[in-house]
Participant: 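Got a structure for you, written out below as structure tokens; questions coming shortly.
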Amino acid sequence: MHPHDQTIYALSSGRLPSAIAIVRLSGSRAGAALQMLVGKLPTPRLATRALLRDPRGEPIDDAVVLWFPGPASATGEDVAELHVHGGRAVLATLFAMLSSYADLRPAEPGEFTRRAFENGKLDLTEAEGLDDLIHADTDRQRRQALHQLKGLLGDKARDWRRQIIEASALIEAGIDFADEGDVPEELMAPAIDRIKILLSEIETALALQGRGERLRDGLTVVIAGPPNAGKSTLMNQLARREVAIVSPHAGTTRDVIEVQLDLDGYPVTVIDTAGIRDTDDPVEQEGVRRARARAADADLVLWLSEGKSSGADHRGDAPVWVIRNKIDLGGEESSESANPVFRISAKQGDGIAELIDALVSFARSFFGTNETGLITRERQRKLLQETAVALRRSLEAVKLGEELAAEELRVAAFALGKLLGRVDVEDLLDVIFREFCIGK
């Protein structure tokens with residue numbers, strides 16, 4: 001049988017051991033496999049308690065089973081779910097039984113979702129939203145991913161594509177009735193108006209500066225500065241746990257340390273780096289090089305220094321905040337700085353709350369207040385840009401001939417078809433779905 005015609009199975013719940021483990025099957029043999037394990041098919045879409053048995057009649061586990069005949073299922077195929085106790089021995093025995101059945105095989109990463117896509121249960125933007133939802137770390141990421149899963153971009157793209165096809169039909173009708181006097185002009189005018197409106201809508205979506213993409217990827221904040229300035233202590237304060245080694249000896253941090261934070265629902269990666277200074281130690285030199293490289297790629301740099309220091313030794317375009325640490329020790333403080341300045345004691349916690357509030361405000365401005373951005377991936381942005389370019393060319397081509405305008409509209413409709421995953425995307429599907437976890 002072709003791999004797509006085979007029935008697949010996988011653990012669809014979390015890591016073992018667990019209280020309950022969910023095993024999902026999808027394909028034409030799902031019902032037969034369920035019947036062999038249970039003895040009969042349960043009532044569709046009704047959770048049923050059943051004793052799972054092997055072919056010799058030996059019990060495997062006391063389970064809850066569900067049966068979803070296709071096409072009214074998550075994948076559009078026959079689907080069975082086995083809710084068993086989440087012990088490793090239980091799953092090992094169950095998987096050994098499933099693998100012994102003809103035309104059953106373990107699922108590959110993302111194969112359940114890919115089958116749902118191929119059977120028209122969701123489009124490619126919704127599949128990407130599902131992947132984002134699985135990997136969402138913060139509430140704002142979750143809400144954005146859920147909007148995509150519910151068809152925020154997909155529904156809009158389908159509507160845009162429908163209108164492009166309708167405008168193209170008007171133009172082509174004008175070509176067909178070219179000998180009928182004023183008929184082509186009557187058809188061209190509404191087509192051009194529709195194209196202009198569509199182009200404006202797509203350009204508006206593209207003009208939101210990738211906020212959806214940024215929220216998906218998160219904000220990167222790098223803590224930099226000279227050795228022994230308290231960078232690791234500040235890192236621990238922001239993380240509210242000890243993630244970095246704190247030592248009074250300069251040069252303790254020699255590599256990059258990262259921690260993921262949720263600041264008011266905004267995803268933030270905070271990076272602690274090696275102290276920046278001139279050194280003859282080759283290991284420390286590499287740490288300094290990495291520190292400068294990460295700071296150069298950051299969205300925000302927190303330059304940590306003691307009170308007497310002024311300025312920041314940073315080479316990059318990211319905004320820099322000067323963090324004057326160890327205010328609890330007193331000392332003379334320089335007031336000269338072209339960057340925002342915060343006074344803290346990383347050791348005592350003084351000023352940390354104010355710094356976190358400022359980081360939240362920065363994140364709010366960085367991501368924007370609109371959590372329902374249409375575009376969440378570079379792939380989506382590029383295809384919408386292709387669509388917009390084709391629409392602009394179609395408006396310009398009207399003066400040169402209706403045939404050229406109609407061809408550009410076909411290019412625009414094709415780009416939106418690729419966005420939805422309905423045309424010429426086979427290679428792309430392999431890339432997207434292999435990033436999913438097995439069992440999804």
Side-chain angles (χ1 to χ4, degrees), residues 109-110 113-114 116-118 120-138 140-165 195 197-220 266-267 299 366-394 408-437 440:
T113 306
R114 178 162 181 167
F117 163 77
E118 291 173 342
K121 290 295 181 177
L122 73 173
D123 64 39
L124 202 52
T125 66
E126 291 164 345
E128 289 170 328
L130 176 58
D131 186 41
D132 290 344
L133 186 61
I134 293 169
H135 294 98
D137 292 321
T138 73
R140 295 179 191 273
Q141 286 178 316
R142 176 193 63 80
R143 290 202 293 263
Q144 175 173 277
L146 189 59
H147 284 306
Q148 287 289 39
L149 177 58
K150 293 295 184 181
L152 177 68
L153 176 58
D155 291 345
K156 199 70 176 174
R158 274 186 289 274
D159 181 59
W160 286 337
R161 190 166 185 263
R162 175 186 59 79
Q163 294 188 59
I164 289 173
I165 292 172
I195 295 169
I197 293 173
L198 286 173
L199 180 58
S200 176
E201 290 182 7
I202 294 174
E203 287 178 335
T204 299
L206 289 168
L208 291 178
Q209 301 176 347
R211 288 175 177 173
E213 297 163 79
R214 291 202 298 263
L215 183 58
R216 177 175 175 267
D217 296 335
L219 172 70
T220 301
Y266 295 109
D299 299 309
F366 181 86
F367 292 117
T369 57
N370 184 5
E371 297 173 7
T372 57
L374 284 177
I375 305 168
T376 58
R377 296 192 177 212
E378 183 182 4
R379 182 193 77 89
Q380 299 167 359
R381 175 171 294 280
K382 286 184 176 180
L383 287 171
L384 283 182
Q385 287 171 339
E386 289 180 22
T387 304
V389 168
L391 289 177
R392 287 192 209 99
R393 286 200 302 254
S394 71
E408 293 297 344
L409 289 181
R410 279 192 286 271
V411 172
F414 186 78
L416 288 177
K418 290 174 68 176
L419 175 66
L420 295 167
R422 297 309 176 199
V423 291
D424 191 32
V425 291
E426 190 63 30
D427 292 339
L428 176 65
L429 297 184
D430 292 335
V431 173
I432 290 177
F433 288 110
R434 73 187 179 202
E435 294 180 355
F436 279 67
C437 53
K440 195 60 186 172

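Along the sequence shown, residues are numbered consecutively beginning with 1. Model, not experiment: these values are computed from the prediction.
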Participant: Nearest 0.5 angstrom please: I197 CD1 to I202 CD1, how far?
Facilitator: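 Rounded to the nearest 0.5 Å, the CD1-CD1 separation comes to 12.0 Å.
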Participant: Heavy-atom distance under 4.5 Å between the side chains of L384 and L416, does that happen here?
Facilitator: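 Touching, per the 4.5 Å side-chain cut-off.
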Participant: D132: which residues meet the salt bridge (Lys or Arg N to Asp or Glu O under 4.0 Å) condition with it, sequence neighbours left out?
Facilitator: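 Salt bridge (Lys or Arg N to Asp or Glu O under 4.0 Å) check on D132 returns R216, R377.
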Participant: E118 vs R114, test: salt bridge (charged side-chain N to carboxylate O under 4.0 Å, His left out). Steps then yes/no.
Facilitator: CA-CA 6 Å; E118 291 173 342; R114 178 162 181 167; 3.1 Å; yes
Participant: Heavy atoms only: give me the nearest W160-A205 pair and the separation to one decimal.
Facilitator: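 Minimum heavy-atom contact is CH2-CB, 4.5 Å.
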Participant: List the residues meeting salt bridge (Lys or Arg N to Asp or Glu O under 4.0 Å) with D137, not counting sequence neighbours, and say none if there are none.
Facilitator: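 Result, salt bridge (Lys or Arg N to Asp or Glu O under 4.0 Å) vs D137: none returned.
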Participant: To the nearest 0.5 Å, what is the distance between OG1 on T125 and CG on L152?
Facilitator: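 If we round to the nearest 0.5 Å, T125:OG1 and L152:CG are 8.5 Å apart.
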Participant: Taking the side chain as everything from C-beta on, heavy atoms only, tell me whether L391 gets closer than 4.5 Å to E408.
Facilitator: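 In short, these two side chains do not touch, never coming nearer than 4.5 Å.
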Participant: At their closest point, which heavy atom of L420 faces which heavy atom of G154, and how far apart are they?
Facilitator: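 Between these two residues, the closest heavy atoms are CD2-O, 3.6 Å.
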Participant: Would you indicate whether the side-chain heavy atoms of K382 and K418 approach each other to under 4.5 Å?
Facilitator: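 SC-SC contact between K418 and K382 ruled out.
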Participant: Determine whether Y266 and T138 make a side-chain contact, defined as any pair of heavy atoms from C-beta on separated by less than 4.5 Å.
Facilitator: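 Y266 does not reach T138 side chain to side chain.
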Participant: Let me confirm one number: the CD-CD distance from Q380 to Q385, rounded to the nearest 0.5 Å.
Facilitator: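 It is 12.0 Å, given to the nearest 0.5 Å.
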Participant: State, to 0.1 Å, how close L199 and A388 come at their nearest heavy-atom pair, and which atoms those are.
Facilitator: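 Smallest heavy-atom distance, with atoms named: CD1-O, 3.5 Å.
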Participant: Tell me, do R143 and R140 make a side-chain contact under 4.5 Å, heavy atoms counted?
Facilitator: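 Touching, per the 4.5 Å side-chain cut-off.
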Participant: Roughly how far apart are D131 CG and T113 OG1, rounded to 0.5 Å?
Facilitator: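 Output value for this atom pair is 8.0 Å.
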Participant: Considering the options L409, I195, D159, which one meets the side chain to side chain contact (heavy atoms under 4.5 Å, CB included) requirement together with I164?
Facilitator: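 Filter result, single survivor: L409.
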Participant: Starting at CG of D155, measure out to CZ of R158 and round the result to the nearest 0.5 Å.
Facilitator: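 CZ of R158 is found 5.0 Å from CG of D155.
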Participant: Short question: side chain of E126, backbone of D123 - any donor-acceptor pair under 3.5 Å?
Facilitator: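 Looks like yes, one N/O pair under 3.5 Å.
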Participant: At what distance, to the nearest 0.5 angstrom, does CZ of R410 lie from CD1 of I165?
Facilitator: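 If we round to the nearest 0.5 Å, R410:CZ and I165:CD1 are 11.0 Å apart.
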Participant: With a 6.0 Å cut-off (strictly less than), is the heavy-atom count around CD of E378, excluding the residue itself, greater than 12?
Facilitator: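 No - once you tally the heavy atoms of other residues, nucleotides and ligands closer than 6.0 Å, there are 12 at most.
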Participant: Using side-chain heavy atoms (C-beta onward) and a distance below 4.5 Å, is F366 in contact with D299?
Facilitator: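 They are in contact (side-chain heavy atoms under 4.5 Å apart), so the answer is yes.
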Participant: With heavy-atom distances below 4.5 Å as the criterion, would you say the side chains of V389 and V411 are in contact?
Facilitator: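 No, too far: nothing below the 4.5 Å cut-off.
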Participant: Determine yes or no for a side-chain-to-main-chain donor-acceptor pair under 3.5 angstrom, with R381 supplying the side chain and I375 the backbone.
Facilitator: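 Judged by distance alone, no pair lies under 3.5 Å.
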Participant: Return the minimal non-hydrogen interatomic distance between R161 and A413, and the atom names on each side.
Facilitator: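 Scanning both residues, the minimum pair turns out to be NE-O, 3.0 Å.
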Participant: List the atom of P267, the atom of L215, and the distance in Å for their closest heavy-atom pair.
Facilitator: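 Taking every non-hydrogen atom into account, CG-O, 3.4 Å.
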Participant: With a 4.5 Å cut-off on side-chain heavy atoms, are E128 and T376 touching?
Facilitator: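 Side chain of T376 against side chain of E128, heavy atoms only: no contact under 4.5 Å found.
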Participant: Between Q148 and L374 (side chain of the first, backbone of the second, donor and acceptor by atom type, cut-off under 3.5 Å), is there such a pair?
Facilitator: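 Pair found, side chain donor or acceptor close to backbone of L374.
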